[in-house]
2 protein chains.
Amino acid sequence: MKNWFYLNPRSGIPMYLQLKEQIKTAVAGGALRPRDQLPPVRELAVALTVNPNTVARAYSELEREGILSAEQGRGTFVNGGEPLLREEERQVQIKSLIDKVLVEAFNLRITGDQLNAIWEERLKAWENRLQR
Amino acid sequence: MKNWFYLNPRSGIPMYLQLKEQIKTAVAGGALRPRDQLPPVRELAVALTVNPNTVARAYSELEREGILSAEQGRGTFVNGGEPLLREEERQVQIKSLIDKVLVEAFNLRITGDQLNAIWEERLKAWENRLQR
DNA sequence: AAAATTGTATTAAAACATTGATACAAATTG
DNA sequence: CAATTTGTATCAATGTTTTAATACAATTTT
């Protein structure tokens, strides 16, 4: 579990957000699976040369989002249980994200057809990654 | 052009961003068309009970993004000309947005099929809006 | 050409966010 | 049951962002 994450202190993106993003991506892509344990806050903090609070913040926000599950004394794990939100709420959330993509795309003068092509390509890329 | 935009000072989202978002959405959906004039900075600032700088910031950032076009003394208009970025760069940008949607979706345990259904629905909704 | 209309620039105050130092608390291990 | 391992809480310092006050500059109107 070492060398999995990499933080750039000068990227302009807060380090706790960089870490959150990398964990989310690892979980979504299947590199981290349900019940996998993440490195202890202090260990990862040392590895990333960052304050333990920074790692703790990433972990606890991901716990609030239902992606991780932390227990004092035991550790932090990838959450395999039920999603926090009801089906409908989850779909509402994704719809609003998709609408944002569509707004950006049309403002970039990308056509519906081009968009569809990109969508299919990316979705397939992720689905392949998941099967492994 | 009155009553088109609405700002909530206590939403937690900066007001200039709320305004940007609303303008982008209006342009993407065809409610604002190329060459349409936006309200003058001061006029909109009064209507939204906000400092003129706040409106000016939204306008100028949208100009940087190639969505609006402002001329001192004349006004601010929806930009109909060529996109700022090359085809390839625009596609890269959208790909990365789509990847973010996919990461969120998989973390919300939304399946590829459900996702595709939502995608099609939203894309059609926007395409209909544009035809009008 | 003066007045009005419009966007732009500068600067400062206030609000907010990020990171770090340090201490606390629960569970596990020996 | 003491020591260790792990997450959590509090608080302060620093940095960044947002908003506002005010003045400037270009174009259009009268």
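Residue numbers begin at 1 in each chain, while the letters A, B, ... track the order of the sequences. Quantities reported herein were computed from a predicted structural model and do not represent experimental measurements.
Counting only N and O atoms by type, the side chains of A:E89 and A:Q93 include no donor and acceptor under 3.5 Å apart. A:S11 and A:Q18 share a side-chain donor-acceptor pair at under 3.5 Å.
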(message) Each nucleotide in nucleotides 3-13 of chain C should get exactly one letter: B, S or -. Can you fill that in based on protein heavy atoms under 4.0 Å?
(response) ---BBSB----
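Per the geometry, CG belonging to A:L48 stands 14 Å off C1' belonging to C:dT19, to the nearest Å. Spacing between atom OH of A:Y16 and atom P of C:dG20 amounts to 13 Å, rounded to whole angstrom units. Distance B:L7 CG to D:dT18 P: 14 Å, rounded to the nearest Å. One can place CD1 of A:I13 at 15 Å from C1' of D:dT16, the figure rounded to the nearest angstrom. Look at NZ on B:K20: it is 13 Å from P on D:dT17, rounded to the nearest Å. Atom pair A:R57:CZ and C:dT19:C1' shows a separation of 9 Å (rounding to whole Å applied). A:L68 has its CG atom 11 Å from the P atom of D:dT8, to the nearest Å. If you take CG of A:N8 and P of C:dT19, they are 12 Å apart, rounded to a whole angstrom.
For B:R57 and B:Y16, the positive end sits near the middle of the six-membered ring, less than 6.0 Å away and at most 45° from its axis.
Under the 4.5 Å side-chain criterion, counting only non-hydrogen atoms from C-beta, A:V78 is not in contact with A:R35.
Scored by the side chain to side chain contact (heavy atoms under 4.5 Å, CB included) test, B:T49 finds no partners at all (sequence neighbours excluded).
Note on ring orientation: taking the six-membered ring where Trp is involved, the planes of B:W126 and A:F106 are tilted (angle from 30° to 60°).
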